[in-house]
Amino acid sequence: MQPNHSIPSSNATQPAASMNAEHSHITDNDDKNTEIDQAANRMPMLKPALSLFIVLAITLGLCYPLLMTGIAQVTMPNKANGSMIEQNGSLVGSTLIGQTFDQPEYLWTRPSAAGDGYDAAQSSGSNLGPLNPELVTNVETQVQKLKAADPQNTTPIPLDLVTMSGSGLDPHISPAAAEWQVNRVARIRGISSEQVQKVIDAHTEGRQLYWLGEPRVNVLAVNLALDEMSGAN
């Protein structure tokens, strides 16, 4: 007897294809329904989240800054406005940002790498490592400048007079750096060294809370006081 090798007709495959298409359609519908359900579940959470965002934005982004600004303006207006210094009705600087002084009758500040010097928009240090030849050159240049301005002074030059601060905006120098310049300032102004030292002592700030940081001298404040003294004389 010969085996039956007959091929099924195309009609036999149609029900299977129809079932697969129907199953696929059902699966797609189920996926869509699931997405709709998930979106519906998220909707109740969206409203409180959005409300919380608005409340926090108004509270922390508007109310709190305005409150702190108002308190600062009432309790410490000078500090809140940048610790500005005025002289004869004109703004001459801030106690927080240094200035370049090159005239020999003034105390000199430490060098600055912020732009052309003490540029608040470009606050930066020199970022020169201890083995960088440029650092050595800069220090030597500053040493020669100081010695040329006061050749009679043979005492060691304090470090902060020949090195730059990390911010480039430091308004202070150490008491030792200020004292190193006393004789030059006194000689140029025609006053005694004791008078200059007295002004420096009056503008020397101590450690914060008596133990944080180091004593420091505000250069701008000293120079303004020296000008007032010279004008009075």
Side-chain angles (χ1 to χ4, degrees), residues 50-103 105-127 158-161 163-182 185 195-232:
L50 184 60
S51 300
L52 181 61
F53 170 77
I54 294 174
V55 170
L56 291 177
I58 295 175
T59 302
L60 302 179
L62 182 63
C63 297
Y64 179 76
L66 289 176
L67 176 63
M68 292 297 101
T69 300
I71 293 175
Q73 290 292 338
V74 171
T75 59
M76 53 183 78
N78 183 53
K79 292 182 178 180
N81 293 308
S83 300
M84 298 299 182
I85 298 178
E86 292 187 1
Q87 189 177 49
N88 300 324
S90 299
L91 181 65
V92 295
S94 168
T95 60
L96 303 178
I97 299 178
Q99 298 182 25
T100 300
F101 290 96
D102 293 325
Q103 300 92 328
E105 67 269 23
Y106 290 115
L107 282 188
W108 290 356
T109 52
R110 63 189 306 177
S112 171
D116 293 331
Y118 295 97
D119 184 352
Q122 301 185 51
S123 175
S124 175
S126 65
N127 295 326
L159 186 62
D160 53 324
L161 284 179
T163 55
M164 301 177 184
S165 67
S167 67
L169 307 177
D170 196 341
H172 301 97
I173 56 176
S174 65
E179 292 170 8
W180 192 89
Q181 305 178 71
V182 166
V185 173
Q195 287 177 294
V196 177
Q197 186 63 55
K198 185 177 180 180
V199 173
I200 291 174
D201 292 340
H203 295 88
T204 298
E205 303 171 16
R207 292 181 172 90
Q208 293 177 320
L209 302 178
Y210 300 100
W211 64 281
L212 289 175
E214 296 293 334
R216 55 205 178 275
V217 178
N218 191 289
V219 175
L220 177 60
V222 170
N223 288 337
L224 291 176
L226 289 172
D227 283 344
E228 289 182 0
M229 178 187 296
S230 297

**Prompt:** For the atom pair CD (Gln195) and CD1 (Ile200), what is the distance rounded to the nearest 0.5 Å?
**Reply:** 12.5 Å

**Request:** Of all the heavy-atom pairs spanning Thr109 and Ile173, show the shortest one and how long it is.
**Result:** CA-CG2, 4.1 Å

**Test side chain to side chain contact (heavy atoms under 4.5 Å, CB included) applied to Met229 and Val199, step by step** = CA-CA 9 Å; Met229 178 187 296; Val199 173; 3.2 Å; yes

**Asked** Considering all heavy atoms of both residues, which atom of Gly115 and which atom of Asp119 are nearest to each other, and what is their separation?
**Response** CA-CB, 4.2 Å

**Message:** Using 0.5 Å steps for rounding, measure from the SG atom of Cys63 to the CG atom of Leu56.
**Reply:** 11.5 Å

**Asked** Hey, what do you get for OH (Tyr118) to OG (Ser165), rounding to the nearest 0.5 Å?
**Response** 6.0 Å

**Message:** Looking at every non-hydrogen atom in both residues, tell me the closest pair between Met164 and Ser126 and how far apart they are.
**Reply:** SD-CB, 3.8 Å

**Item:** Side chains of Asp160 and His172 in contact at under 4.5 Å (non-hydrogen atoms)
**Value:** no

**Request:** Report the distance from atom CD of Glu214 to atom OG of Ser174, rounding to the nearest 0.5 Å.
**Result:** 9.5 Å

**Polar side-chain atom of Ser112 near backbone of Gly117 as donor-acceptor pair, under 3.5 Å** = no

**Minimum heavy-atom distance between Leu107 and Val185, given as atom pair plus value** = N-CG2, 4.1 Å

**Message:** To check you understand the geometry: which heavy-atom pair defines the closest contact between Gln73 and Ala80, and what is its length?
**Reply:** NE2-CB, 4.0 Å

**Prompt:** Between the side chains of Thr95 and Asn218, is a donor N or O closer than 3.5 angstrom to an acceptor N or O?
**Reply:** no

**Side chain proximity check, Arg207 to Leu212, heavy atoms < 4.5 angstrom** = no

**Prompt:** Which of these, Gln197, His203, Lys198, sits in a side chain to side chain donor-acceptor pair (under 3.5 Å) with Asp201?
**Reply:** Gln197

**side chain to side chain contact (heavy atoms under 4.5 Å, CB included) between Thr100 and Asp102, worked out** = CA-CA 7 Å; Thr100 300; Asp102 293 325; 3.8 Å; yes

**Request:** Compare all side-chain heavy atoms of Val92 with those of Glu86 and state whether any distance is below 4.5 angstrom.
**Result:** no

**Request:** Find the distance between OH (Tyr106) and CG (Asn223) and round it off to the nearest 0.5 Å.
**Result:** 6.5 Å

**Asked** Say you draw a straight line from CG of Asn78 to OG of Ser94; how long is it, rounded to the nearest 0.5 Å?
**Response** 8.5 Å

**Minimum-distance pair of heavy atoms, taken over all atoms of Pro175 and Val217** = CA-CG2, 3.9 Å

**Item:** Heavy atoms of other groups near Asp116 CG, more than 12 under 6.0 Å
**Value:** no

**Message:** Tell me which one of Asp170, Leu159, Val219 satisfies side chain to side chain contact (heavy atoms under 4.5 Å, CB included) with Arg110.
**Reply:** Asp170

